[in-house]
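Everything on this sheet refers to the single structure shown next.
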Amino acid sequence: MSEQAGDDHLPNDVPAVQTALVEWYEADHRDYPWRQTDDPYEILVSEVMSQQTQLDRVVAAWEDFLEQWPTVADLAAADRGDVVGFWTDHSLGYNNRAKYLHEAARQVVEDHDGQWPRDPDGLSELMGVGPYTANAVASFAFNNGNAVVDTNVKRVLYRAFDVPDDDSAFEETAQRLMPEGRSEVWNNAIMELGGVACEKTPDCDGAQCPWREWCSAYQSGDFTAPDVPTQPTFEGSRRQMRGRVISVLNEYDELALDELGPRVRVDYAPEGEYGREWLRGLLSDLDDDGLVTLTDGVATLSRT
DNA sequence: TTCCCGCAGT
DNA sequence: ACTGCGGGAA
């Protein structure tokens, strides 16, 4: 019972494993602009954008976003529709994340007098900030986080140390592996490892993976990775239709149902299967999500 | 097709 | 524990 899960998966010489990774990272790594700042606002923006969007596409969006809303106070004062519109203009995916980011900015300004929480627990109170993002921001802004566990970290630990595909085991092992007080460099480094050396298709020798001598997968040649749940088909999905509604409303400010419908689905027919009834349901959900306002049959992006 | 630095609501 | 959430790129 006192034996911590995951403990027995680590090599004996943990300090050597730690040093190898940190030195590998510091010798050479991708130079994303958010790695040049310790501003928690700028870090949070980068993390939220990165959650489901490839990093190379995030760079331009991140720079544009910070140009438009340079501080957390600027974002807190912004119109919700402008933030959501920005999100769709930059193809950043999940519009709810734009709302969360906007809401989190307001929380910092209104609930914390503009002062950012400096630890994972405090950061977790912010809208849209879960365990991963709380530790990422605490680490990269304040060097004060716990070990991050995302799909990259899971894949690395699963392969290198045969950690079972179990969230608590990953969390436990990741934390025991992280050098005390060095969350900033460590969390950057282990995710960099997953990003450039230990991807789905590994590149151990090409990336000169610093863990080859300890790595179970490198020894066995079995580079199986934990299952990542696959998403249902996007084409024709409700998610796609929601995205189109946001995109169209961003372009037209406001539209009546029968004006909006054909721009969302070419086969829109007011009385058909995909007609007013269907569109009203879609808009009702978007309204509940705080993304769209539907009043008197006219839809707009949410203002507040 | 699959991947991509998760989270909130229920 | 389970479900919904976008969309570009490889």
Side-chain angles (χ1 to χ4, degrees), chain A residues 25 29-30 32 34-35 43-62 84-104 107 120 123-140 145 147-157 166-168 170-171 174 183-184 186-203 225-248 250 264 281-282 285-286 288-292:
Chain A
Y25 176 77
H29 58 79
R30 295 172 297 179
Y32 291 112
W34 45 86
R35 286 178 169 167
I43 300 288
L44 179 62
V45 172
S46 80
E47 290 300 334
V48 172
M49 287 183 174
S50 299
Q51 281 173 11
Q52 291 286 300
T53 301
Q54 287 86 345
L55 298 189
D56 290 334
R57 286 202 296 130
V58 167
V59 175
W62 184 77
V84 172
F86 178 100
W87 216 252
T88 189
D89 279 342
H90 290 73
S91 299
L92 287 168
Y94 302 123
N95 293 299
N96 276 329
R97 298 192 197 289
K99 177 189 70 177
Y100 295 155
L101 193 50
H102 188 217
E103 181 60 28
Q107 285 177 277
L123 289 161
S124 295
E125 301 293 316
L126 302 177
M127 187 64 69
V129 177
Y132 166 77
T133 308
N135 283 313
V137 174
S139 298
F140 305 146
V148 297
V149 178
D150 68 351
T151 56
N152 273 311
V153 173
K154 289 181 183 179
R155 189 172 58 250
V156 168
L157 297 179
D166 173 271
D167 284 350
S168 60
F170 285 129
E171 191 182 330
S183 62
E184 180 177 11
W186 180 260
N187 285 325
N188 269 317
I190 195 166
M191 288 196 289
E192 182 78 359
L193 189 67
V196 307
C198 201
E199 294 179 278
K200 176 89 174 175
T201 302
D203 185 25
D227 286 327
V228 197
T230 66
Q231 281 190 338
T233 307
F234 178 63
E235 190 60 32
S237 67
R238 186 177 184 82
R239 290 214 317 284
Q240 182 181 43
M241 299 308 146
R242 285 170 54 103
R244 286 186 184 168
V245 168
I246 299 295
S247 181
V248 170
N250 186 40
V264 174
L282 196 61
D285 283 356
L286 285 163
D288 290 345
D289 281 349
L291 299 173
V292 164

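For the numbers below, each heavy atom of this structure counts, side chains included, while hydrogens, waters and symmetry mates do not. Order of the sequence lines sets the chain letters (A, B, ...), proteins ahead of strands, with each chain counted from 1. Predicted model, so just to flag it, every value in this text is computed and none were measured.
For the pair A/F140/A/N187, a side-chain contact is recorded, criterion being any heavy-atom separation below 4.5 Å from C-beta on. The shortest distance between side-chain heavy atoms of A/Y32 and A/L55 falls below 4.5 Å. Using a 4.5 Å heavy-atom threshold, the side chains of A/W34 and A/V59 count as touching.
Judged as a side-chain hydrogen bond (donor to acceptor under 3.5 Å, both in side chains), and not counting sequence neighbours, A/N135 has no contacts. Partners of A/Y25 under the ring-ring contact (aromatic ring centres under 6.0 Å, His included) rule, at least two apart in sequence or in another chain, are A/H29. Qualifying side-chain hydrogen bond (donor to acceptor under 3.5 Å, both in side chains) partners for A/R244, counting only residues two or more places apart in sequence or in other chains: none. Contacts of A/E192 classified as side-chain hydrogen bond (donor to acceptor under 3.5 Å, both in side chains), with partners at least two apart in sequence or in another chain: A/R30, A/R35. In this structure A/Q51 satisfies the side-chain hydrogen bond (donor to acceptor under 3.5 Å, both in side chains) test together with A/R97, A/T133, sequence neighbours excluded.
A/N250 and A/T88 share no donor-acceptor pair across their side chains, judged by distance under 3.5 Å alone.
For the pair A/E199 and A/L126, nearest-nucleotide mapping onto DNA chain B gives the more 5' position to A/E199.
Residue-level contact check: A/V148 touches neither bases nor backbone, having no heavy atom under 4.0 Å from any strand. Among the protein residues, A/L55 comes within range of the nucleic acid bases, having at least one heavy atom under 4.0 Å from a base atom. Within 4.0 Å (heavy atoms only), A/R30 reaches no atom of the nucleic acid at all.
Put simply, the side chain of A/S50 gets close to the backbone of A/S46: a donor and an acceptor are under 3.5 Å apart. Under the 3.5 Å distance criterion, the side-chain polar atoms of A/E171 are left unmatched by any main-chain donor or acceptor of A/V149.
Distance check on atom P: B/dC5 versus C/dT3 gives 25 Å, rounded to whole Å. For the P atoms, the distance linking B/dC4 with C/dG4 amounts to 22 Å, nearest Å.
Along DNA chain B, the stretch of nucleotides lying under 4.0 Å from any heavy atom of chain A spans, 5' to 3', B/dC3 to B/dA8.
Residues from residues 90-100 of chain A that place a heavy atom under 4.0 Å from any atom of DNA chain B, listed by number: A/R97, A/Y100. DNA chain C is contacted by A/Q231, A/F234, A/R238, A/R239 of residues 227-239 of chain A, taking any non-hydrogen atom closer than 4.0 Å. Residues from residues 44-52 of chain A with heavy atoms under 4.0 angstrom of DNA chain C, sorted by number: A/Q52.
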Would you mind writing out the side-chain donor-acceptor pairs for residues 226-234 of chain A within the sub-3.5 Å range, not counting sequence neighbours?
| residue | atom | partner | partner atom | Å |
| --- | --- | --- | --- | --- |
| A/Q231 | OE1 | A/R239 | NH2 | 3.0 |
| A/Q231 | NE2 | A/Y94 | OH | 2.9 |

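Taking CE of A/M127 as the reference point, atom CD of A/Q107 lies at 5.5 Å (rounded to 0.5 Å).
Pairing analysis of DNA chain B (Watson-Crick: purine N1 to pyrimidine N3 plus N6-O4 or O6-N4; G-U wobble: N1-O2 and O6-N3; both under 3.5 Å) yields stems of 3 or more pairs at B:1-4 with C:7-10, B:6-10 with C:1-5.
Distance, A/D285 CG to C/dG4 P: 11 Å, rounded to whole Å.
A/R242 and A/D285 are not joined by a salt bridge, as no carboxylate oxygen comes within less than 4.0 angstrom of a charged side-chain nitrogen.
Across all their heavy atoms, A/S124 and A/G130 have their closest contact at OG-O, 4.5 Å.
Applying the salt bridge (Lys or Arg N to Asp or Glu O under 4.0 Å) definition to pairs two or more places apart or across chains, none involves residues 194-203 of chain A.
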